[in-house]
Amino acid sequence: MTGLGLSEMKTVVDSELAVAHLVFKVADLKSSCEFYSNLGLPPFATDEKVAIIELRGGTHLLLLSVDEPAGEDIAESLTGQFHKRFSEQFDLMIEGKGLDELKTYRLELISRGIAAGEIPDETFFGHYLFCIKDPDGNGITIYTSHAI
């Protein structure tokens with residue numbers, strides 16, 4: 001990640017900001033709820049048009065039902081930072097920090113019918129990762145944890 005001035009930035013250890021909501025418009029709310037439940041993130045509230053999924057730390061993923069798919073002018077999501085830098089819609093991290101823990105989680109997802117990309121040999125800023133797509137083609141990268 002060169003050119004972003006990251007080496008010049010000061011790290012904020014105890015930020016007062018946190019991600020509150022991520023919002024995805026989905027073509028099939030039931031299918032999307034099943035997908036995220038299979039990741040281990042079941043919704044805690046749903047109705048005909050919205051599902052609310054609580055992530056660790058109080059962040060909510062809101063799945064909003066749309067009546068029709070996005071138009072052709074919307075770019076298709078590509079998964080993973082190794083395909084096209086920062087092309088995923090969002091990323092998740094497992095609780096574990098090791099490669100073995102990530103491999104175990106990946107195999108659990110595959111056993112639940114979720115197609116998961118390979119884990120590259122190289123790390124990305126010290127993190128192992130793999131990529132998946134949700135039912136609407138939103139790219140998601142799953143990383144090992146960096147949380148303290």
Side-chain angles (χ1 to χ4, degrees), residues 1 4 6 9-70 74-148:
M1 294 186 68
L4 294 178
L6 291 180
M9 296 175 62
K10 293 183 180 182
T11 302
V12 178
V13 177
D14 191 19
S15 175
E16 294 185 25
L17 294 176
V19 175
H21 300 97
L22 300 166
V23 179
F24 283 3
K25 292 185 178 181
V26 298
D28 183 336
L29 189 60
K30 182 179 177 185
S31 174
S32 292
C33 284
E34 288 174 8
F35 174 83
Y36 286 100
S37 290
N38 279 331
L39 291 181
L41 303 168
F44 73 90
T46 61
D47 67 22
E48 301 84 37
K49 295 284 188 180
V50 66
I52 302 170
I53 298 169
E54 187 162 351
L55 307 174
R56 206 170 1 143
T59 299
H60 291 130
L61 172 60
L62 304 177
L63 303 177
L64 303 178
S65 180
V66 294
D67 296 326
E68 56 191 54
I74 304 294
E76 181 180 335
S77 174
L78 300 173
T79 58
Q81 296 180 20
F82 288 100
H83 296 278
K84 183 177 179 184
R85 191 168 297 274
F86 303 120
S87 61
E88 65 273 272
Q89 298 296 315
F90 76 110
D91 51 64
L92 299 169
M93 67 180 167
I94 65 169
E95 190 171 352
K97 297 182 179 189
L99 178 58
D100 289 340
E101 292 161 298
L102 188 68
K103 286 179 179 179
T104 298
Y105 182 70
R106 181 180 170 275
L107 291 174
E108 288 173 11
L109 294 185
I110 291 170
S111 74
R112 296 177 195 156
I114 295 172
E118 296 298 321
I119 299 172
D121 291 331
E122 67 273 11
T123 61
F124 186 73
F125 286 92
H127 301 283
Y128 292 98
L129 62 94
F130 66 90
C131 302
I132 60 175
K133 283 187 181 183
D134 77 2
D136 288 280
N138 294 306
I140 302 168
T141 300
I142 312 268
Y143 290 94
T144 50
S145 180
H146 62 258
I148 297 173

Within 6.0 Å of CG in Asp121, more than 12 heavy atoms from elsewhere: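 Result for CG/Asp121: open.
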What's the shortest heavy-atom distance between [X] and [Y], and which atoms?
X: Ser32; Y: Pro135; answer: CA-CG, 4.1 Å
X: Ala51; Y: Thr46; answer: CB-CG2, 3.6 Å
X: Val50; Y: Leu64; answer: CG2-CD2, 3.4 Å
X: Glu118; Y: Phe130; answer: O-CB, 3.8 Å

What is the distance from atom [atom1] of [X] to atom [atom2] of [Y], rounded to the nearest 0.5 Å?
X: Leu61; Y: Leu22; atom1: CG; atom2: CG; value: 6.0 Å
X: Ile110; Y: Tyr105; atom1: CD1; atom2: OH; value: 11.5 Å
X: Glu108; Y: Ile114; atom1: CD; atom2: CD1; value: 10.5 Å
X: Ile119; Y: Thr144; atom1: CD1; atom2: OG1; value: 9.5 Å
X: Tyr143; Y: Ile94; atom1: OH; atom2: CD1; value: 13.0 Å
X: Lys25; Y: Ser65; atom1: NZ; atom2: OG; value: 11.0 Å

Close side-chain approach of Arg112 and Leu109, heavy atoms under 4.5 Å: yes
Is there a side-chain contact between Glu101 and Glu95, using heavy atoms and a 4.5 Å cut-off? no
Name every donor-acceptor pair, under 3.5 Å, that has one atom in a side chain of residues 35-42 and the other anywhere in the protein, sequence neighbours excluded.
from, atom 1, to, atom 2, distance (Å)
Tyr36, OH, Asp134, OD2, 2.8
Ser37, OG, Cys33, O, 2.9
Asn38, ND2, Glu34, O, 3.4

